[in-house]
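Contents: one structure, followed by commentary.
The analysis underlying the following values was restricted to heavy atoms, covering all of them including side chains, and did not include hydrogens, waters or symmetry mates. Lettering of chains follows the sequences in order, A, B, ..., and the numbering in each one begins at 1.
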Number of protein chains: 2
Amino acid sequence: MKLEVLIKSDNQEVQNQIIAKIGELINLKNLEPGDKLPSERMLSEKFEVSRSNVREAINKLEFYGLLKSIPQSGTFVADIGVIAMNGMIADILRLEDPDFKSLVETRILLELKIVKLAALRRTKEDLIHIKSALDAYEEKASQGLDAVQEDLLFHLAIANASGNSTLNTFMLKITPEIITNFKKYHVCDDSLSLSAIDEHKAVYEAIKAGDPQLAKDKMKVHFKALYQYCYNI
Amino acid sequence: MKLEVLIKSDNQEVQNQIIAKIGELINLKNLEPGDKLPSERMLSEKFEVSRSNVREAINKLEFYGLLKSIPQSGTFVADIGVIAMNGMIADILRLEDPDFKSLVETRILLELKIVKLAALRRTKEDLIHIKSALDAYEEKASQGLDAVQEDLLFHLAIANASGNSTLNTFMLKITPEIITNFKKYHVCDDSLSLSAIDEHKAVYEAIKAGDPQLAKDKMKVHFKALYQYCYNI
DNA sequence: TTTAAAAAACTGGTTAACCAGCTATAATCT
DNA sequence: AGATTATAGCTGGTTAACCAGTTTTTTAAA
């Protein structure tokens, strides 16, 4: 297990070095937005790494919108300037893995906005979707069973109704890590689940009524326990 | 160009189908958290697609925390239950590409929180970093030059000082798309840049003073134009 | 029968050769 | 010379064979 972590961190290190070198290259060659990067083969030879390593690094930079690969043509510098490119690459290399506290902090921020948007924008289909997630949660939790999964699906259903695909994506990104941490630290015990049923219902009703402020307030109530937990950890 | 989009959407479609099939498989075989998925080779044969397609689909599910690949061992179902797995896969398949409005909406939300956190948590090094970004912006903008890049680097420097790696990552993710859209729609003209210098300075001073509420207020002032633009588009 | 050692099979990752399509150069024609 | 076509080489993507570990099965010993 320890070995695996080592290997992984090594690969991460290699990838970051390649990303840094690509950044240097863009500066060195004065590549402007739209210009073509050297081919993957040339880069792998120049940097003395495998082509798949180069591809992974390019993939990551493509994820962050700095490069754009076009099949049978080349990899191109995105339509942002050299200055922004340098700054962003430095930031990407500096990125740390998210800790639990930052995840919960972010989740609360996202959801308090999401629930307001959902109250404003939810369609009839969204309401049906949220309701069925609510029912599934109630059925599990009322029996005293663990309902962490149903809980989060309810919240994801609301995110889906927010009409904001960026927020929805971010919620999807942080949800699994939150689930695993909840299980690890036993954040949600059974007593919490029972009281949460009514809180969920209140949130749903506010969304259904189209009242964004009420929805936010009800969600805040629901997050109260989580709030305390997050800032006491 | 049109062809390229078609090809890309085809690949996306194939990947989504594989993701859906992996989801079905997990249900069919009743795979619990920690269980091993069939090997990439078997999946590619079973689904009648290439192994690299399977790998990409697994990569995406790994990004969203649903699977975990371990070298020379196998791909494992993450430590979330079957119910959450099904819900999340459905959500992932339903995800849309972010539109400009959702990007700006999200950015404003993130930054108003980030600036408060930065005021509370910034180190001396953070302050130096933010200051140098501020100076670079001022130098460009005061000459009437385009300073979109320096503007966003200033904001990213604040995100870096927030002490929340999740928020920092999200800012990095949306920034390049915002830059390109700004350029496309000419959101930031020169007159805006000039007045923004003082607004940036005010934000910086509030962070330096460690006053979260003031920092948020000053950022809100800075976002006023953006606010209007976003909701009039 | 139980345990330990050895070997065979299998795993995700890597590599190098190959592919279809794009691009720039060269050759041809007007 | 200028425009057009043909050609050669280069591109990211795909494929199949290979690699170094892991995991399971088999074998041998107690």
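Between H222(A) and H155(A), the ring planes lie parallel to each other; the angle is under 30°, not in the 30° to 60° tilted range. Using cut-offs of 30° and 60° on the angle between ring planes, the pair F100(A) and F182(A) is perpendicular.
The nearest whole Å value for the distance from the CD atom in E62(B) to the C1' atom in dG13(C) is 12 Å. Put simply, CG on L67(A) is 12 Å from P on dG13(D), counting in whole angstrom units. The distance between atom NZ of K68(B) and atom P of dG12(C), rounded to the nearest whole Å, is 13 Å. For F76(A) and dC10(D), the CZ to C1' distance is 12 Å, given to the nearest whole Å. N53(A) places its CG atom 15 Å from the C1' atom of dA16(C), with the value rounded to the nearest Å. Remark: P of dT15(D) and CD of E48(B) are 13 Å apart, rounded to the nearest angstrom. Distance CD (E56(B)) to P (dG12(D)): 16 Å, rounded to an integer number of Å. For R51(B) and dA17(D), the CZ to P distance is 12 Å, given to the nearest whole Å.
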Working for side-chain contact (heavy atoms from CB on, under 4.5 Å), residues E138(B) and H200(B): CA-CA 9 Å; E138(B) 186 175 5; H200(B) 276 196; over 6 Å; no
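Put simply, CG on N86(B) and CG on L153(A) are 9.0 Å apart, with the number rounded to the nearest 0.5 Å. With rounding to the nearest 0.5 Å, the separation of CD1 in I174(B) from CD1 in I178(B) is 4.5 Å.
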Atom pairs under 3.5 Å: protein N/O with N/O of nucleotides 9-11 of chain C:
residue	atom	partner	partner atom	Å
dT11(C)	OP2	S39(B)	OG	3.3

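Looking at E125(A) and R94(B), no side-chain N of the basic residue comes within less than 4.0 Å of a carboxylate O on the acidic one, giving no salt bridge. Note on R121(A) versus E105(B): salt bridge recorded, some NZ/NE/NH1/NH2 to OD/OE distance being below 4.0 Å.
Close to dG13(D), at under 4.0 Å from its OP1 or OP2, lies a side-chain N or O of R55(A). In terms of phosphate contacts, S69(B) brings no side-chain nitrogen or oxygen within less than 4.0 Å of OP1 or OP2 of dG12(C).
As judged by a 4.0 angstrom heavy-atom cut-off over every strand, S50(B) is placed among residues touching the sugar-phosphate backbone only.
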